[in-house]
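Report on the structure given below.
Nothing here was measured: the structure is a model prediction, and the numbers come from that model.
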Amino acid sequence: MAKTHETMKTLQSVSPRSEPVQSRSIKRTQQILDVTSELLETVGLNDLNTAIIAKEVGISVGSLYHYFPNKQAILYAMGKTWLDSIEVVLKEIQEWDLEALSLSEFINQVVDINLHTYRQQRAVLRLVQAMFSVPELRELDERHDDMVISQMSKVFKRIGLKKHIRERERIARLYLEFTHSTYLVVVNQNERRALRTLEDLKLMLTSLLAHHLQTSD
């Protein structure tokens with residue numbers, strides 16, 4: 001217990017210094033996030049630090065600290081923004097006429113809309129790796145998984161998978177593992193290779209969902 005308490009004390013704060021309200025502050029905050037995304041892609045997580053970020057933004061480290069107290073806080077803000085975009089996608093899927101879609105239509109549409117969100121986030125693979133490996137960001141990784149599993153289990157019920165909620169959540173977790181890992185691969189593949197990978201993903205999803213639709217209670 002003492003060890004856990006000691007570990008928690010060493011975690012860095014991930015709260016921004018203050019919420020930007022003036023247009024200039026909002027613009028600067030977004031610039032910091034954009035530059036960090038670029039650096040995360042080029043220099044990697046381990047070599048990324050506030051000095052490099054401040055230099056690329058064109059401000060002093062002291063000025064950077066007016067916005068974020070440390071590197072972890074910047075990465076947390078990036079991760080939260082990405083999670084917000086995932087949440088928007090999940091809500092949009094809920095608004096579809098799911099009951100009227102064939103299985104192939106559903107899979108094609110759900111893969112397309114989710115993949116677009118992964119492609120919109122620069123350095124998404126490194127960001128996701130940071131969410132998993134950096135203790136201060138681990139909560140975001142857990143929130144992402146819980147959100148996808150919860151929402152997709154509801155979606156699966158509407159497309160005809162009439163199993164108990166716990167079973168639908170189990171299937172939704174498997175769906176998450178299939179899709180999340182594949183999207184992270186596809187965003188770094190050339191177009192031709194990405195198309196083949198996506199076809200394989202859709203084949204796996206079709207097999208998984210078709211089986212459980214046929215065996216619904």
Side-chain angles (χ1 to χ4, degrees), residues 7-90 92 112-148 179-194 197-198:
T7 302
M8 290 179 65
K9 287 200 303 182
T10 65
L11 295 181
Q12 300 291 313
S13 170
V14 292
S15 299
R17 291 298 187 190
S18 61
E19 287 295 328
V21 291
Q22 297 181 346
S23 60
R24 183 178 178 182
S25 295
I26 294 172
K27 184 177 180 180
R28 178 66 79 190
T29 298
Q30 188 58 53
Q31 184 185 15
I32 292 170
L33 297 179
D34 291 342
V35 166
T36 304
S37 291
E38 294 173 7
L39 290 171
L40 190 60
E41 196 168 42
T42 56
V43 306
L45 178 63
N46 292 336
D47 292 329
L48 183 68
N49 57 54
T50 52
I52 295 175
I53 296 170
K55 180 180 179 181
E56 290 298 313
V57 173
I59 59 177
S60 67
V61 174
S63 295
L64 178 67
Y65 288 153
H66 284 301
Y67 297 91
F68 297 99
N70 48 56
K71 176 180 80 173
Q72 290 88 340
I74 302 173
L75 292 170
Y76 187 94
M78 288 171 53
K80 185 178 182 302
T81 298
W82 185 63
L83 254 63
D84 289 344
S85 69
I86 296 291
E87 185 175 14
V88 169
V89 164
L90 291 169
E92 183 173 339
D112 288 347
I113 193 173
N114 278 288
L115 181 59
H116 177 74
T117 307
Y118 279 70
R119 282 179 165 155
Q120 287 291 101
Q121 174 60 54
R122 186 162 187 172
V124 65
L125 176 57
R126 292 187 184 271
L127 177 60
V128 169
Q129 289 171 337
M131 287 166 55
F132 179 77
S133 62
V134 178
E136 291 86 352
L137 276 61
R138 185 65 62 83
E139 173 252 326
L140 292 175
D141 183 63
E142 294 171 355
R143 194 193 310 175
H144 168 265
D145 290 0
D146 290 344
M147 181 171 61
V148 174
T179 57
H180 185 51
S181 58
T182 303
Y183 296 149
L184 293 174
V185 169
V186 167
V187 294
N188 290 306
Q189 291 182 323
N190 62 47
E191 184 177 358
R192 187 175 178 182
R193 196 172 186 85
T197 303
L198 288 172

Exercise for the section: Could you tell me which residues satisfy side-chain contact (heavy atoms from CB on, under 4.5 Å) with Arg192, sequence neighbours excluded, listed by chain and number? Expected result: Asn190, Arg196

Practice task
For Leu40 and Met78, work out which heavy atoms get closest and say how close.
Solution key: CD2-CE, 4.1 Å

Exercise for the section: Run the salt-bridge test on Glu142 and Arg138 with the 4.0 Å N-O cut-off and return the result as yes or no. Expected result: no

Handout entry: Non-hydrogen atoms of Leu137 and Ala130 that approach each other most closely
Key = CB-O, 3.8 Å

Problem - Atom of Ala194, atom of Val186 and distance for their closest heavy-atom approach - result: CB-CG1, 3.7 Å

Problem - Side-chain donor-acceptor pair present, Gln121, Ser85, cut-off under 3.5 Å - result: no

Handout entry: Heavy-atom side-chain contact between Leu45 and Leu75 under 4.5 Å
Key = yes

Handout entry: All salt bridge (Lys or Arg N to Asp or Glu O under 4.0 Å) counterparts of Asp84, not counting sequence neighbours
Key = Lys80

Between side-chain atoms of residues 50-64 and protein atoms elsewhere (two or more places apart, or another chain), which donor-acceptor pairs fall under 3.5 Å?
unit_1: Thr50; atom_1: OG1; unit_2: Tyr65; atom_2: OH; d: 3.1
unit_1: Ser60; atom_1: OG; unit_2: Ser63; atom_2: N; d: 3.0
unit_1: Ser60; atom_1: OG; unit_2: Ser63; atom_2: OG; d: 3.0

Practice task
Only pairs at least two apart or in different chains count here, so list each side chain to side chain donor-acceptor pair (under 3.5 Å) that has a residue in residues 123-135.
Solution key: none

Completion exercise
So CG of Asp145 and CG of Leu140: to nearest 0.5 Å the spacing works out to 11.0 Å

Problem - ring pair (Phe, Tyr, Trp, His ring centres under 6.0 Å) partners for Tyr183, two or more places apart - result: Tyr118

Exercise for the section: Write down the atom of Leu184, the atom of Val187, and the distance for their closest heavy-atom approach. Expected result: O-CG2, 3.3 Å

Exercise for the section: Starting at CG of Asn114, measure out to OG1 of Thr182 and round the result to the nearest 0.5 Å. Expected result: 11.5 Å

Practice task
Looking only at non-hydrogen atoms, find the nearest pair between Ala123 and Ser37 and report the distance.
Solution key: CB-O, 3.5 Å

Exercise for the section: Name all pairs fulfilling the salt bridge (Lys or Arg N to Asp or Glu O under 4.0 Å) condition that reach into residues 33-50, sequence neighbours left out, sorted by first residue then second. Expected result: Glu38-Arg122, Glu41-Arg122

Exercise for the section: Report yes if some heavy atom in the side chain of Trp82 is under 4.5 Å from a heavy atom in the side chain of Val128; otherwise report no. Expected result: yes

Problem - Within-4.5 Å side-chain heavy-atom neighbours: Lys71 and Val134 - result: no

Exercise for the section: Starting at CE of Met147, measure out to CG of Leu83 and round the result to the nearest 0.5 Å. Expected result: 4.5 Å

Practice task
Check whether any side-chain heavy atom of Arg28 lies under 4.5 Å from a side-chain heavy atom of His66, and answer yes or no.
Solution key: no

Fill in the blank from the handout: d(Arg143 CZ, Asp146 CG) to nearest 0.5 Å is 10.0 Å

Fill in the blank from the handout: Heavy-atom closest pair (Ala77 atom, Phe68 atom, distance to 0.1 Å) is CB-CE2, 3.9 Å

Practice task
Would you sort out whether Leu198 and Leu115 count as a side chain to side chain contact (heavy atoms under 4.5 Å, CB included), showing the intermediate values?
Solution key: CA-CA 10 Å; Leu198 288 172; Leu115 181 59; 3.5 Å; yes

